[in-house]
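All remarks here apply to the structure that follows.
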There are 2 protein chains.
Amino acid sequence: MSQTTVSLRGKKRTHTCGELRVKNINEKVTLNGWVDRRRDLGGVIFIDLRDRYGKTQVVFAPQHNEPVYQIAKQLRSEDVIAVVGKVGNRPTGTINQNLLTGEIEVLADDLLILNEAETPPFPIDSEIDTSEELRLKYRYIDLRREPMQRNLQIRHKMAQAVRRYMDGLNFMEIETPFLMKSTPEGARDYLVPSRIHHGKFYALPQSPQTYKQILMVSGFDRYFQIVKCFRDEDLRADRQPEFTQIDIEMSFILEEDIYQMAEGLMKTLFKEVKGIGIETPLRRMSYDEAMTKYGSDKPDLRFELPVENVTEIMRGSEFKIFESNIRSGNLVCGINLKHQVDDSTRRAELSRKQIDEVTEIAKSCGAAGLVHFKVIADSIDSPTAKYFIPEQLKNLREKFTAETGDLILLITQPREKIFQTLGQFRLELGKKFNLIDQNKNSLLWVTEFPLLEWSEDEKRFAAMHHPFTSPKDEDAVKLEEGLKEFKEKKEWSSDNPVGKVRARAYDLVWNGNEIAGGSIRIFHPELQQKMFSCLGISEEDARRKFGFLLEAFKFGAPPHGGIAFGFDRLVMLFTGSKSIRDVIAFPKTSSAMSLMDEAPSEVGQDQLNELHLKVI
Amino acid sequence: MSQTTVSLRGKKRTHTCGELRVKNINEKVTLNGWVDRRRDLGGVIFIDLRDRYGKTQVVFAPQHNEPVYQIAKQLRSEDVIAVVGKVGNRPTGTINQNLLTGEIEVLADDLLILNEAETPPFPIDSEIDTSEELRLKYRYIDLRREPMQRNLQIRHKMAQAVRRYMDGLNFMEIETPFLMKSTPEGARDYLVPSRIHHGKFYALPQSPQTYKQILMVSGFDRYFQIVKCFRDEDLRADRQPEFTQIDIEMSFILEEDIYQMAEGLMKTLFKEVKGIGIETPLRRMSYDEAMTKYGSDKPDLRFELPVENVTEIMRGSEFKIFESNIRSGNLVCGINLKHQVDDSTRRAELSRKQIDEVTEIAKSCGAAGLVHFKVIADSIDSPTAKYFIPEQLKNLREKFTAETGDLILLITQPREKIFQTLGQFRLELGKKFNLIDQNKNSLLWVTEFPLLEWSEDEKRFAAMHHPFTSPKDEDAVKLEEGLKEFKEKKEWSSDNPVGKVRARAYDLVWNGNEIAGGSIRIFHPELQQKMFSCLGISEEDARRKFGFLLEAFKFGAPPHGGIAFGFDRLVMLFTGSKSIRDVIAFPKTSSAMSLMDEAPSEVGQDQLNELHLKVI
């Protein structure tokens, strides 16, 4: 039992491993930490002793203390030790400028092995690449690596900064329940069986949406919470079954108040994490403009390459593909790839091979083909140029403000598809031709989203944001018209007027990533009921699922609105990580498993019996 | 649709309802808020307009603006309105000194009813008592009441203060998973069925215990989290199925480091919430002393009345009850109720009636009877005095340092029971005789808890704190001895040496409430394995349930320990609330129901099918 009763008493650190400097020379110190590296040099042992705060070189010299040297010979990487010794100068030539403690070392007088370590499954050295599976299984080892330590440090710092900022603006952090009512709108709920109430279930919150609205009805005025949310979805790369949200709601406000508050928050985070300023107010762009100009509701504006609609210019040519498409109602749109230099020839125009590559990219984005027009001096060079009259080619050039060396790339597709296709194509071109300035931070608001989106599968409308989002005042009348039309026709159609209603919804976009989204909410029970009707939720269903919210609205709900930031993604972007798993201490795999503790796992029959459940 | 398109645009508040002062007089302002009260006085309407920040009097006078006055006549309590008007002095004699805005009023030029309110199920006025059931069902109304607004304000403030303090000490807040492995130790887990992994379940954390220990193995050194935890227990008054914990863990530390950190935290909270200082270091008391002196592991030291063991003094008397009990190994212990005045007679000694009442209290605490000794001048007055020799009575007086007017109260019971009985009796006496100074704050550490407690039902030992708690260094050898004895006898008995092992565990107690508890942890896999053996957890079971922790300990676990504060209870005590439900925005009932949203509820068959579950 020698090993198990090792005690820190009398050997507790006086300093951390990142603390000692030249000013501490000749002090007697005790350090605790992990053996990072051991080197035996000419009968002297050097170790880097590591903790969260840094590394300090410790020297074991036989001529100084033979017994301690003998113990040190047994040391292995990741052993946990306590060292007592005197701080000294490192000999000239051995100073390490990369280390804050690099000018000193500790000459060991005493050594206690607090805990031995087996050889770790992979080295701690952050340079070494290890499979993610192994990293997740041995997460405790992975978390010792410098990038993970730094990421979680930044995450902590960001959470602190968010709370300080929100508190400074009089927001109150109020905890909302995790065991709530299942309301199967949107994503799938995680359910929690009740033991006491036979056959009944709680659900884990997909977001605290209804609760934060209730808090506004309660008069809390300004609420926020950094809170875990849950969605039982088939996971995409960038999703986790449990994720963290900065959840915010305000009363007696308009969109502008949300923008200001959120912009101030981003300003604070940029300052605290990156030490740089951002210009506010941020650019605002309507959903329509974002879609038709950049083919995305989260455009990456670190580079331009806007999409142009040239349908009217190209109409009436002898180019059959365009003509037949235009006649059937499709559009012709494209992008001007400005003045690119062929890497191999160093000429300002792209080679046949490069054009082929670009065509392949367009196809991978969903285009049937790609028509290109090389702009050279006053003319346009294209295999298809002969099918168009000079006026059309001139107008094409002008539309794209094209110059020599530019390459105009056109596709034709139905209106519902073409902008997304070109939006994706634009991003791929940006990557391929290195058009994205990695040092730039492009932040913007995308506003005026459609309130509803048509589901061709279900032949009905679904909420684009969520069912509590308010329509724009001037569009609310279209809800009335649409409901009237529905009552007459007894069915929904994609051209019902409700499809044209714009929402008071907004997304915050950073370098092509949606980092926050929100809306001004409906605050009258009648309008909320109309919204449910548009979504095909019957009065009875609405009462069953959201009855308490509708009920609450009867007792004096204030105008209110809010926003939620995806905190994991925000930290990922601020740390420059490639995956949200790298900014979460204990993430799950894409099949929602924890490789470290092997959750989910089987449970005892007694546990299931108590819950009145049977697995079938 | 008139009502549903009411917009705040152009009517957004310029000030809150708590903001206007004499310096704002003559300013044109817009206020938004709830109609708190309406009074019609001589053809003029006065309302108190309320928001989170305060109340402002608004005046609607027909001679000033007839149309607005007419609208104001429709106003009802809790309507949400926007008012435009000019700030004026209140007429002399109508100034309200209780209100920060009490010197001014707003003379209304315009009024917009943003939302009408039905008559609330109970008045918002905080003086009025309403059944808790109604309060929970209409929580959004209840939360408008001043005490609830204040409680949640203080809760927010405390959470902020905790985070600032911990951050200042270099602690990192790290989020741990909510979907974890079910480890049925201690309380019952809430389970979450997995849809993807047929027949498998996650569990909601009872505490982040294993994760925070893993974080220490990962080298994070100082971790904290304000975090929700879950226990599926039959609820007691002071428990909730989901509750909030301030969870803390530190590496390379001894008990003293935890005490200092926690004392600083309490100092901060007392300063920020109550504006008062507390003296540190706090008193420390061993579990043994707390139990034998105050009959409780969480003694309320706002008053004394210590328990004294007088078995040896009373041994060998002619008082048969004591004598037979002492001979069978029971103890005689008691309390000196110092110098109490009879309320009716104003005499310094208690009446027969009062002594009867005190006897009843003793019985309700579990005593079979109560023997009393009135201390008068040099003698003792008691119906039983004649059974004792003068030496015994003298020693009894001395033991209790009793003076004239005191009343010594003795009971006899087995050792295992008598201290708890007297502990409870002591508290009841404190209440009955108003011995508790409500303005006093008594904070202390109770230390050196037993590591294990004997379960007579299960004929085995259970962890008193939890299975990761370290024994005291000097007691660890008793674990070895106990395990050896178990191997020989093939069974556990209550007198096995492991029952004598003291733990490196500590509780923080405030006025008789346990507000935090923690321990120095085991950090060697072998010792952890021994602990599991003492708890009757087989190696295989241990591997299945805690394998990842045992595995992690192999790769260099540092000495570590921690503590957790019950945040709900802490807020309850700081706000002076009677129930933790009064400091939780949306609490559950004692049958774990949410009366507002009616969770738990039935879910769709499709949801159950996806989870491969059947309710039986």
Side-chain angles (χ1 to χ4, degrees), chain A residues 4-5 7-8 13 32 52 78 80 115 117-118 120 140 143-144 156 160 167 172-174 177-178 180-182 190 192 194 197 199-202 214 217-219 221 228 242 252 473 476 524 526-527 548 552 554-559 585-586 592 596-597 599-601 603 612-616, chain B residues 4-5 7-8 13 32 52 78 80 115 117-118 120 140 143-144 156 160 167 172-174 177-178 180-182 190 192 194 196-197 199-202 214 217-219 221 228 242 252 473 476 524 526-527 548 552 554-559 585-586 596-597 599-601 603 612-616:
Chain A
T4 54
T5 52
S7 166
L8 192 62
R13 65 185 171 200
N32 300 155
R52 176 183 130 194
E78 302 309 312
V80 183
N115 218 344
E118 290 183 7
Y140 34 92
L143 288 173
R144 285 185 193 164
H156 163 68
Q160 282 287 116
D167 181 57
M172 281 169 66
E173 187 161 22
I174 301 178
F178 280 78
M180 60 175 283
K181 189 188 173 83
S182 178
Y190 273 106
V192 182
S194 162
H197 303 279
K200 295 191 172 180
F201 293 79
Y202 306 94
I214 289 279
V217 176
S218 302
D221 207 87
K228 274 279 175 78
E242 50 179 306
F252 301 116
D473 292 346
H524 282 104
E526 305 83 11
L527 182 57
F548 66 102
K554 290 183 187 161
F555 295 102
F586 303 102
M596 187 180 74
D597 64 7
S601 59
V603 297
H612 318 283
L613 284 182
K614 195 180 156 178
V615 174
I616 49 173
Chain B
T4 53
T5 52
S7 168
L8 191 65
R13 66 184 170 201
N32 300 156
R52 176 182 131 195
E78 302 309 312
V80 183
N115 219 343
E118 291 182 6
Y140 34 91
L143 288 173
R144 285 184 194 163
H156 163 68
Q160 282 284 119
D167 181 57
M172 282 169 65
E173 187 160 24
I174 301 177
F178 280 78
M180 60 175 284
K181 187 188 174 82
S182 178
Y190 274 106
V192 182
S194 162
I196 302 174
H197 303 280
K200 295 191 174 182
F201 293 79
Y202 305 94
I214 289 280
V217 176
S218 302
D221 205 84
K228 275 278 176 79
E242 49 179 305
F252 301 117
D473 292 345
H524 283 104
E526 305 84 15
L527 182 56
F548 66 102
K554 290 183 188 161
F555 295 103
F586 303 103
M596 186 179 76
D597 64 6
S601 59
V603 297
H612 317 284
L613 284 183
K614 195 179 157 178
V615 175
I616 48 172

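Note that the structure is a prediction, hence the values are computed from the model and not measured. We use all heavy atoms of the structure for the numbers below, so side chains are in, but hydrogens, waters and symmetry mates are not. Below, chain A is the first sequence line, B the second, and so on; all start at residue 1.
- The two residues B:Phe252 and A:Leu8 come nearest to each other via the heavy atoms C-CD2, 3.2 Å.
- Separating the CD atom in B:Gln160 from the CD atom in A:Gln160 is a distance of 8.0 Å, to the nearest 0.5 Å.
- The greatest number of non-hydrogen atom pairs below 4.5 Å with chain A, out of B:Leu143, B:Asp597, B:Val615, is found for B:Asp597.
- Heavy-atom pairs under 4.5 Å with chain A peak, among B:Ser218, B:Ala552, B:Ala117, at B:Ser218.
- Of the inter-residue distances, the one linking B:Phe548 atom CZ with A:Met596 atom CE reads 5.0 Å to the nearest 0.5 angstrom.
- The most heavy-atom pairs under 4.5 Å with chain A, out of B:Asp167, B:Ile196, B:Val603, come from B:Asp167.
- Looking at every heavy atom in both residues, B:Glu173 comes nearest to A:His156 through N-ND1, 2.9 Å.
- Nearest heavy-atom pair across B:Val80 and A:Pro558 is CG1-CA, 4.0 Å.
- The two residues A:Tyr190 and B:Val192 have their closest heavy-atom pair at CD2-CG1, 3.6 Å.
- For A:Pro177, the parts lying near chain B are the backbone and the side chain together; criterion is any non-hydrogen pair under 4.5 Å.
- A:Asp221 and B:Arg13 get closest at one heavy-atom pair: OD2-NH2, 2.7 Å.
- The side-chain heavy atoms of B:Pro600 and A:Tyr202, taken from C-beta on, include a pair separated by under 4.5 Å.
- Every side chain to side chain contact (heavy atoms under 4.5 Å, CB included) that A:Lys228 has, sequence neighbours left out, goes to A:Phe178, A:Phe230, A:Glu242, A:Thr244, B:Glu175, B:Phe178.
- Using a 4.5 Å cut-off between heavy atoms, A:His197 contacts chain B through its side chain alone, with no backbone atom that close.
- The residue among A:Ala557, A:Pro120, A:Ser601, A:Ala585 with the most heavy atom pairs within less than 4.5 Å of chain B is A:Ser601.
- The distance from atom CD1 of B:Ile616 to atom CD1 of A:Ile616, rounded to the nearest 0.5 Å, is 11.0 Å.
- In this structure B:Lys200 satisfies the salt bridge (Lys or Arg N to Asp or Glu O under 4.0 Å) test with no other residue, sequence neighbours excluded.
- If you measure heavy-atom distances from A:Ile214 to chain B, the contacts under 4.5 Å come from both the backbone and the side chain.
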